[in-house]
2 protein chains.
Amino acid sequence: MATRLTIGRAAEAAGCKVQTIRYYEQIGLLHRPPRSEGNQRLFAHEDIRRLAFIRHARALGFPLQAIRDLLSLGDEPDQPCEAVDAIARAQLGDVEQRITYLQALRSELKRMVEQCRGGRIADCRVIEVLSDHTRREMFDHAVPRSGVGSP
Amino acid sequence: MATRLTIGRAAEAAGCKVQTIRYYEQIGLLHRPPRSEGNQRLFAHEDIRRLAFIRHARALGFPLQAIRDLLSLGDEPDQPCEAVDAIARAQLGDVEQRITYLQALRSELKRMVEQCRGGRIADCRVIEVLSDHTRREMFDHAVPRSGVGSP
DNA sequence: CTAACACCTACAGTAGCTGTAGGTTCAAGG
DNA sequence: CCTTGAACCTACAGCTACTGTAGGTGTTAG
């Protein structure tokens with residue numbers, strides 16, 4: 001059966017916007033599908049599978065370049081899957097790094113908001129914490145240049 | 001003392017690139033500093049404080065609009081700090097959401113890479129998991145349009 | 001037949017920088 | 001005094017991964 005979907009239904013099937021599909025086609029992630037007599041794209045089942053693959057990988061945070069690599073690896077089923085594995089592990093490592101980073105942010109933010117006792121802005125710990133990172137020594141050793149500044 | 005820093009030293013002090021400072025000035029986060037006779041920017045201590053504030057807030061993940069709001073709130077020290085607090089709490093909430101989301105990604109990615117036993121790509125669980133999300137029912141109910149497709 | 005909607009291309013905009021081209025200015029060494 | 005090279009200047013393009021808009025054409029239901 002060669003039933004085909006218009007771009008709107010393809011987008012619905014993949015859970016993305018119509019423009020996103022056109023974008024993927026434009027950057028070469030999706031093949032250019034055949035068109036109807038009226039020049040409208042008609043997607044076959046295989047195209048939708050590919051699109052769904054992309055969307056699922058995106059949902060897992062894979063960048064488009066990684067997805068590009070995965071797709072071309074997927075076209076060589078007899079090759080060993082080390083490269084595939086490496087991409088997935090890199091993504092896992094990236095996610096883990098980001099979690100660690102965000103957890104550090106979370107604790108600093110928590111400390112900050114918990115110290116705020118709801119007074120005036122002048123006394124606000126949030127502003128204070130954010131402000132308190134100037135390096136004065138840069139000024140102490142600064143050499144005045146020309147024109148403007150102390151005489 | 002009206003010692004002033006050129007943009008390179010200011011960038012060094014704030015731990016950012018020269019272009020970033022010019023960008024902040026361009027979008028109105030930093031005031032336009034006075035210039036030397038040769039048209040070079042000269043930053044006062046107060047400018048560097050403001051820049052350091054921005055960089056610290058950015059390091060905590062605050063978006064520039066939030067920083068813009070925090071900066072203008074900081075200019076009204078006698079106001080209650082509720083609004084400041086709300087921005088910080090919103091950022092905390094955002095970070096927490098992202099952590100939750102990334103933790104879900106992490107477990108799905110982990111499951112995926114752990115299932116891979118290092119065979120051929122054709123049998124690779126990574127590719128399989130990413131592929132296996134097509135909604136066939138879209139095709140079952142699809143109505144053929146014009147021109148291309150089954151006769 | 002017509003109204004409403006889906007589709008088409010092409011391009012601009014989003015966040016938050018970063019890099020480049022092509023040209024001054026400045027500080028220091030000879 | 002002159003030159004060299006680093007640091008500065010403006011203006012603009014590019015990055016990721018879309019998303020939105022304008023202005024036009026195709027398709028379909030009533």
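Letters A, B, ... mirror the listed sequences (proteins, then strands); counts begin at 1. Since the structure is predicted, the reported quantities are computational estimates derived from the model, not experimental observations.
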Take the protein atom [atom1] of [X] and the nucleotide atom [atom2] of [N], then report the distance between them rounded to whole Å.
X      : N       : atom1 : atom2 : result
Q40(B) : dA6(D)  : CD    : P     : 16 Å
R98(A) : dT16(D) : CZ    : C1'   : 12 Å
L64(B) : dT14(C) : CG    : P     : 13 Å
R41(A) : dA6(C)  : CZ    : C1'   : 13 Å
Q26(A) : dT19(D) : CD    : C1'   : 13 Å
F43(A) : dC7(C)  : CZ    : C1'   : 11 Å
I7(A)  : dT9(C)  : CD1   : C1'   : 12 Å
I54(A) : dC18(D) : CD1   : C1'   : 13 Å

Phosphate oxygens OP1/OP2 of [N]: is one of them under 4.0 Å from a side-chain N or O of [X]?
X      : N       : result
T6(A)  : dC7(C)  : yes
R35(A) : dT9(C)  : yes
S36(A) : dT27(D) : yes

Next on the checklist: Does Y24(B) reach a base, just sugar-phosphate, or nothing at all? Heavy atoms under 4.0 Å.
Outcome noted: sugar-phosphate

With 3.5 Å as the limit, what N/O pairs link the protein to nucleotides 18-21 of chain C?
from: dT18(C); atom 1: OP2; to: T20(B); atom 2: OG1; distance (Å): 3.1
from: dG19(C); atom 1: OP2; to: K17(B); atom 2: NZ; distance (Å): 3.3
from: dG19(C); atom 1: N7; to: Q19(B); atom 2: NE2; distance (Å): 3.2

Checklist entry - Considering residues at least two apart in sequence or located in another chain, which fulfil the side-chain contact (heavy atoms from CB on, under 4.5 Å) criterion with Q65(B)? => result R68(B), D69(B)

Next on the checklist: For R50(B), is there an ion pair with D47(B) - N to carboxylate O distance below 4.0 angstrom?
Outcome noted: no

Checklist entry - Are the charged groups of E25(B) and R41(B) less than 4.0 angstrom apart, N to O? => result yes

Item to check | L70(A) side chain near V84(A) side chain, heavy-atom distance below 4.5 Å | outcome: yes

Checklist entry - Y23(B): what forms a side-chain hydrogen bond (donor to acceptor under 3.5 Å, both in side chains) with it, not counting sequence neighbours? => result none

Checklist entry - Got a second to check how far M112(A)'s CE is from Q91(B)'s CD, nearest 0.5 Å? => result 8.5 Å

Item to check | Distance-minimising heavy-atom pair for P63(A) and R58(A) | outcome: CA-NH1, 4.0 Å

